[in-house]
2 protein chains.
Amino acid sequence: MADTAGSRARNRYTVEQRRAEILNATRDVVLRLGFGGTRVRDVADELGVSNGLIHYHFASKDELLAETLRFAANDDIARLEEAVDTARPALERFDRMLRNYLPGPGDVSWRLWIDAWGEALRNENLKEISQELDEAWVALLERVIRDGVHEGAFTCENPRASAWRIAALMDGLGLQVVLHRSTMSRTQMLEHARTLAAIELGLERKAFPARR
Amino acid sequence: MADTAGSRARNRYTVEQRRAEILNATRDVVLRLGFGGTRVRDVADELGVSNGLIHYHFASKDELLAETLRFAANDDIARLEEAVDTARPALERFDRMLRNYLPGPGDVSWRLWIDAWGEALRNENLKEISQELDEAWVALLERVIRDGVHEGAFTCENPRASAWRIAALMDGLGLQVVLHRSTMSRTQMLEHARTLAAIELGLERKAFPARR
DNA sequence: TCCGTTACTGACTCTCGAGTCAGTAACGCT
DNA sequence: AGCGTTACTGACTCGAGAGTCAGTAACGGA
């Protein structure tokens, strides 16, 4: 009675495991085909299960896509927070955020976000989720700046405004790199981000590490 | 013989006029429904013509959407160039670009662009067009910076890099305002853009006009 | 050992939308 | 006036995809 679901979990999937597995697969499919281009069938095929199973766990395709976005968002934020929590001093912590947030070689989640922005124009669920992630990200950036100021590593008059500017710059840069790779390299992108950051935090440009 | 098409144009549409009219209507529809959500039928209804007429002028829906994007892009660039050509001195010219590029109250074309970015992830035609617009816009910004430096109004070491940073920041800001209006007002957005611009161009922040 | 429940199947329905096509009417040209 | 051309119509086809549902097999509990 204490754990009715758990007792079945030994050799079978629980509902929660299955849902997570489906969300995971959906993310992969959406990365290939986009929100608009993803069919329920594609997700089923990805897992080698039946079409009907997806509808068994998710009431509609819309719900599936919205939950997939939230799932991916939580992942991204968790990854960033982890990067922040483990690094010091302040400058390394900050730079690690930049490197983690900006799109990297194997990075795919940017594609998801760019796609989600477009979809969010017409879908309230997605709009809400993308806004949540955005605010969480700016808040994290602001926190790292404030901590740095506290430690005496940075000088910054208005951490909130600086965080917004840096976040906006990085969104714009990431967009360029992911969408039109030819126009800008990751190196240049990092260079731009660090240049603005140095200005905003009252540092010398060369204070930043050369790491990519 | 000199003008076979023109002779019919007196009381009838030429093919070119019709195409332009359809592209115009398509843009309006796409703004409401997005690239993914626009049906050929919606465009026909917008003009009060038949479904078949759209296919008479455009081979496929894909072609229609791609040409619509190009049509809108040309419009946007022309508007920016006009703003630049007529304004002086350099600072007013630059500020006018900012005000014109950033999303305004009645501005809708941003919605089109955000949507196009997402679509471009999977559509080579749209990707190419959005890249063209982007490069034209950065080139224009760079030109205005160089001219300002020439006139002695600005100080800027690397106009190309500064143009990229300002452009990226503005893309990021515009995205915020259009997508999550609550998180940032146009006033704040302009404030952020001018703050970065002042830094990049070696100016005092208060050198900029207060115009919105 | 039987039985109710639950996770799952896959064929089906039903809607929707892109593209087609036979037909039409107005035009300009001869 | 007669004729070929052209812009346009709207009913149709055809494929595709979301969601349904009757059926099934494995489970745990009584």
Side-chain angles (χ1 to χ4, degrees), chain A residues 1-26 29-30 32-68 119 122-123 125-126, chain B residues 1-26 29-30 32-68 119 122-123 125-126:
Chain A
M1 183 197 183
D3 186 12
T4 39
S7 61
R8 183 162 47 250
R10 262 164 233 136
N11 43 5
R12 270 264 201 160
Y13 281 25
T14 49
V15 168
E16 271 318 302
Q17 280 174 319
R18 214 21 150 185
R19 280 179 65 96
E21 197 186 35
I22 292 173
L23 290 174
N24 218 17
T26 306
V29 174
V30 170
R32 285 203 309 274
L33 308 176
F35 284 99
T38 295
R39 295 162 302 163
V40 173
R41 187 55 169 287
D42 298 318
V43 177
D45 288 353
E46 181 83 5
L47 287 170
V49 297
S50 76
N51 183 5
L53 182 65
I54 311 299
H55 284 104
Y56 180 78
H57 287 283
F58 296 89
S60 68
K61 188 187 165 185
D62 233 55
E63 184 192 314
L64 173 65
L65 294 181
E67 294 215 25
T68 297
E119 217 64 31
R122 274 150 279 113
N123 181 325
N125 279 332
L126 298 192
Chain B
M1 185 202 183
D3 185 12
T4 39
S7 63
R8 184 164 47 252
R10 263 163 233 136
N11 42 7
R12 270 267 201 157
Y13 282 25
T14 51
V15 168
E16 271 320 300
Q17 281 174 318
R18 220 8 156 191
R19 280 179 64 97
E21 197 186 35
I22 292 173
L23 290 174
N24 218 17
T26 306
V29 174
V30 170
R32 284 203 309 273
L33 308 176
F35 283 100
T38 295
R39 294 163 304 164
V40 173
R41 186 56 167 288
D42 298 317
V43 177
D45 287 353
E46 180 84 4
L47 286 170
V49 298
S50 76
N51 183 4
L53 182 65
I54 310 299
H55 282 104
Y56 181 77
H57 287 284
F58 296 88
S60 69
K61 188 187 166 186
D62 233 54
E63 184 192 313
L64 174 65
L65 294 181
E67 294 215 25
T68 298
E119 217 62 32
R122 274 151 278 115
N123 181 325
N125 279 332
L126 297 191

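Protein chains get the first letters and strands the later ones, always in sequence-line order, with residue 1 at the start of each.
Summarising the geometry, the separation between CD on E16(A) and C1' on dA7(C) is reported as 14 Å, rounded to the nearest angstrom. Nucleotide dA7(C) holds its C1' atom 14 Å from the CZ atom of R19(A), rounded to whole Å. The CD-P distance, from Q17(A) to dA7(C), rounds to 12 Å in whole Å. Atom-to-atom, CG of D42(B) to P of dC16(C) comes out at 13 Å; the value is rounded to the nearest Å. Between L33(A) atom CG and dG17(D) atom C1' there is a gap of 14 Å when expressed in whole angstrom units.
Taking the salt bridge (charged side-chain N to carboxylate O under 4.0 Å, His left out) definition, one finds that D45(A) meets it with R41(A), sequence neighbours left out.
Note on R39(B): a side-chain N or O is less than 4.0 Å away from OP1 or OP2 of dG17(C). Between R18(A) and dT6(C), a side-chain N or O to OP1/OP2 separation shorter than 4.0 Å is absent.
Here the closest heavy-atom approach between residue R32(A) and residue E46(A) is recorded as NH2-OE1, 3.1 Å.
Using a 4.5 Å cut-off on side-chain heavy atoms (C-beta onward), L53(A) and L47(A) make no contact. Side chains of I54(A) and T26(A) form no contact here, defined as non-hydrogen atoms less than 4.5 Å apart. Looking only at side-chain heavy atoms (C-beta outward), V43(B) and V49(B) stay at 4.5 Å or farther from each other.
Stem analysis of DNA chain D (at least three stacked-register Watson-Crick or G-U pairs, each with both distances under 3.5 Å) gives C:1-30 with D:1-30.
Interface residues of residues 49-65 of chain A facing DNA chain D, ordered by number: N51(A), H55(A), S60(A), K61(A); criterion, heavy-atom separation under 4.0 Å.
In this structure, E67(A) CD and H57(A) NE2 are separated by 12.5 Å, a value rounded to the nearest 0.5 Å. Between the CG atom in N123(A) and the CG atom in L65(A) there is a gap of 8.5 Å [rounded to 0.5 Å].
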Practice problem: Any chance you could lay out the side-chain hydrogen bond (donor to acceptor under 3.5 Å, both in side chains) test for Q17(A) and T14(A), step after step, and finish with the verdict? | Solution: CA-CA 5 Å; Q17(A) 280 174 319; T14(A) 49; 3.2 Å; yes
